[in-house]
Q: 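Before we start, here is the structure in question, set down as structure tokens.
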Amino acid sequence: AASLAGKVTPSDLATASAAASSTKPETLAQRIAWGDQAAIVEANAKFERKPGAAKEAGVIDALKTALGDKGVGARVAAATALSSICEGDVQFAYKEDVTKALNKATKDSAAPVRSMAVTALVAIYKGNPDRAQWHGVTAALKIALGDDNVAVKAFAARALGKIYAGSDVKAGNDGVLEALNKAAKDSDAGVKAAANEALAEIGGSKAAAAAVAALTPEEKTAFDAQLSSTDTDQEITSLLQIINPDATLKKALAVYFAD
């Protein structure tokens with residue numbers, strides 16, 4: 001051992017040290033790509049709604065890499081940062097494959113990652129149903145409505161409501177109303193409420209009809225029996241409260257009478 005040590009020169013040590021240091025992540029983007037959650041949080045704050053600057057700094061590509069990190073925490077943080085950085089910028093998200101990465105993340109093995117990916121997609125595509133359909137977001141969210149985790153299902157329902165808000169015809173054509181109608185009959189109360197809330201946001205006669213279809217047979221019978229005697233919005237509200245106490249469902253159903 002002593003003879004071997006004696007053959008190591010100062011030059012050898014310097015070379016080894018330089019090689020070791022070169023493998024350490026130094027830039028913010030490198031740290032993010034290595035799954036450093038502190039770096040991801042830093043990028044989130046530094047580049048909020050500044051996707052161009054984030055791309056220039058290599059942060060966007062690094063965050064997409066972090067979405068595949070072994071650590072669940074790093075993957076959640078990466079989806080959160082992409083949501084904040086790309087919020088409302090559909091064109092950038094699609095062009096830079098952020099949408100593609102987040103669509104894939106909705107199928108992640110960990111439910112928290114799937115939920116955050118859904119949240120990120122709605123932050124980017126809120127109020128833009130056409131692009132959501134073209135870019136595969138609608139399809140990904142409809143699949144998420146069938147997730148085995150109730151939280152993911154509820155997030156997906158609310159996301160569809162926000163993306164398709166005020167676009168009941170488009171939602172009908174894209175199969176969103178059908179998917180939400182099915183979710184409104186889910187065995188979990190939270191999922192049902194989220195689906196009804198989404199139908200309320202979408203609005204219009206088509207969404208209202210889907211909400212009506214979500215009533216149980218007993219509720220629908222009572223609803224139809226008393227409907228003919230209701231003349232004012234206040235009476236309708238009272239009727240819906242009797243039939244089903246879910247406030248979001250009442251809001252959706254109220255549209256049924258306005259058209």
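Values below: every heavy atom of this structure, side chains too, minus hydrogens, waters and symmetry copies.
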Q: Using a strict cut-off of less than 4.0 Å between a Lys/Arg side-chain nitrogen and an Asp/Glu carboxylate oxygen, indicate whether Glu26 and Arg31 qualify as a salt bridge.
A: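 No.
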Q: I need the minimum non-hydrogen distance between Ala29 and Gly58, along with the two atoms involved.
A: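 Looking at all heavy atoms of both residues, the shortest contact is CB-O, 3.5 Å.
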Q: Between Ser84 (side chain only) and Thr80 (backbone N and O only), is there a donor and an acceptor less than 3.5 Å apart?
A: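 A pair under 3.5 Å: no.
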Q: Backbone N or O of Thr27 within a donor-acceptor pair of the Gln30 side chain at under 3.5 Å?
A: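 Answer holds: yes.
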Q: Is any side-chain heavy atom of Lys185 less than 4.5 Å from a side-chain heavy atom of Lys192?
A: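 The answer is no; the side chains never approach within 4.5 Å.
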Q: Indicate the atoms forming the closest heavy-atom contact of Ala120 with Ala79, along with that distance.
A: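 Distance-wise, the nearest heavy atoms are CB-O, 3.7 Å.
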Q: Which pairs pass ring pair (Phe, Tyr, Trp, His ring centres under 6.0 Å) with one or both residues in residues 47-68, sequence neighbours excluded?
A: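 Sorted pair list comes back empty.
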Q: How long is the straight-line distance from CD of Gln133 back to OG of Ser167, given to the nearest 0.5 Å?
A: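 Ser167 atom OG to Gln133 atom CD measures 12.5 Å (nearest 0.5 Å).
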Q: Working note: Leu145 + Leu160, criterion side chain to side chain contact (heavy atoms under 4.5 Å, CB included); need CA distance, chi angles, decisive distance, verdict.
A: CA-CA 10 Å; Leu145 273 179; Leu160 287 168; 3.7 Å; yes
Q: Main chain of Ala111, side chain of Ser115: is a donor-acceptor contact present, judged purely on distance under 3.5 Å?
A: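 Pair found, side chain donor or acceptor close to backbone of Ala111.
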Q: Output the distance between atom OH (Tyr164) and atom CG (Leu177), rounded to the nearest 0.5 Å.
A: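 Answer rounded to 0.5 Å: 9.5 Å.
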Q: Going from CG on Asp130 to CD1 on Ile163, what distance comes out if it is rounded to the nearest 0.5 angstrom?
A: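 That separation rounds to 12.0 Å.
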Q: Please answer: with hydrophobic residues joined when any side-chain heavy atoms are less than 4.5 Å apart, are Leu121 and Val113 in the same cluster?
A: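 No: no chain of side-chain contacts under 4.5 Å links Leu121 to Val113.
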Q: Taking Val152's backbone N and O only, do any of them form a donor-acceptor pair with Asn149's side chain (distance below 3.5 Å, no angle check)?
A: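 At least one qualifying donor-acceptor pair exists.
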Q: Can you tell me how far CD1 of Ile40 sits from CD1 of Ile32, rounded to the nearest 0.5 angstrom?
A: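 Ile32 atom CD1 to Ile40 atom CD1 measures 6.0 Å (nearest 0.5 Å).
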Q: Which atoms form the tightest heavy-atom contact between Ala78 and Ala66, and what is the distance?
A: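 In terms of heavy atoms, the two residues are closest at CB-CB, 3.8 Å.
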Q: Looking at every heavy atom in both Ala154 and Ala194, which two are closest together, and how far apart are they?
A: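 In terms of heavy atoms, the two residues are closest at O-CB, 3.6 Å.
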Q: Tell me, do Leu67 and Leu102 make a side-chain contact under 4.5 Å, heavy atoms counted?
A: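 They are in contact (side-chain heavy atoms under 4.5 Å apart), so the answer is yes.
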Q: Should we count NZ of Lys107 as having more than 12 external heavy atoms under 6.0 Å?
A: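 It does: Lys107 NZ has more than 12 such atoms within range.
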Q: So Ile202 and Leu180, side chain to side chain contact (heavy atoms under 4.5 Å, CB included) or not? Walk me through it.
A: CA-CA 11 Å; Ile202 293 171; Leu180 288 173; 3.6 Å; yes
Q: Quick one: closest heavy-atom pair of Ala183 and Val191, and the distance?
A: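 Shortest heavy-atom contact: O-CG1, 3.8 Å.
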Q: Checking Arg114 side chain against Asp108 main chain: does a donor-acceptor pair fall under 3.5 Å?
A: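 Yes, the answer is positive, given that a donor and an acceptor are paired below the 3.5 Å cut-off.
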Q: Evaluate salt bridge (Lys or Arg N to Asp or Glu O under 4.0 Å) for Asp174 paired with Lys170, printing each intermediate quantity in order.
A: CA-CA 6 Å; Asp174 291 351; Lys170 174 69 175 170; 3.2 Å; yes
Q: Could you go through residues 85-93 and list every donor-acceptor pair under 3.5 Å that involves a side-chain atom there, pairing it with any protein atom two or more places apart or in another chain?
A:
residue: Asp89; atom: OD1; partner: Phe92; partner atom: N; Å: 3.0

Q: Got a second to check how far Lys153's NZ is from Asp147's CG, nearest 0.5 Å?
A: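 If we round to the nearest 0.5 Å, Lys153:NZ and Asp147:CG are 7.5 Å apart.
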Q: Report the C-alpha distance between Thr99 and Val137 in whole Å, list the side-chain angles of each, state the deciding distance to 0.1 Å, and finish with yes or no for side chain to side chain contact (heavy atoms under 4.5 Å, CB included).
A: CA-CA 8 Å; Thr99 300; Val137 173; 3.7 Å; yes
Q: Taking all atoms of both residues into account, what is the closest heavy-atom pair of Ala195 and Ala184, and its distance?
A: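 That would be CB-N, 3.5 Å.
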Q: For the backbone of Lys70 and the side chain of Arg75, can you confirm whether one donor and one acceptor N or O come within less than 3.5 Å of each other?
A: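 Yes; at least one donor-acceptor contact below 3.5 Å.
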Q: Roughly how far, to the nearest 0.5 Å, is NZ of Lys162 from OG1 of Thr119?
A: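 Between atom OG1 of Thr119 and atom NZ of Lys162 there are 10.5 Å.
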Q: Group every Ile, Leu, Val, Met, Phe, Trp and Tyr by side-chain heavy-atom contacts under 4.5 Å, then state whether Met116 and Ile60 land in the same group.
A: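 Looking at the clustering, Ile60 is in a separate group from Met116.
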Q: Please check if any side-chain donor atom of Thr138 sits under 3.5 Å from a side-chain acceptor atom of Tyr125, or the reverse.
A: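 Per modelled atom types, Thr138 and Tyr125 side chains form no pair under 3.5 Å.
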Q: Lys126: which residues meet the salt bridge (Lys or Arg N to Asp or Glu O under 4.0 Å) condition with it, sequence neighbours left out?
A: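 Lys126 satisfies salt bridge (Lys or Arg N to Asp or Glu O under 4.0 Å) with no residue once adjacent residues are dropped.
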Q: Are the side chains of Asp36 and Leu28 in contact, using a 4.5 Å heavy-atom criterion?
A: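 With C-beta onward as the side chain, the pair stays apart.
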Q: Check the angle between the aromatic planes of His135 and Tyr94 and answer parallel, tilted or perpendicular using the 30° and 60° thresholds.
A: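 The arrangement is parallel - the two ring planes meet at less than 30°.
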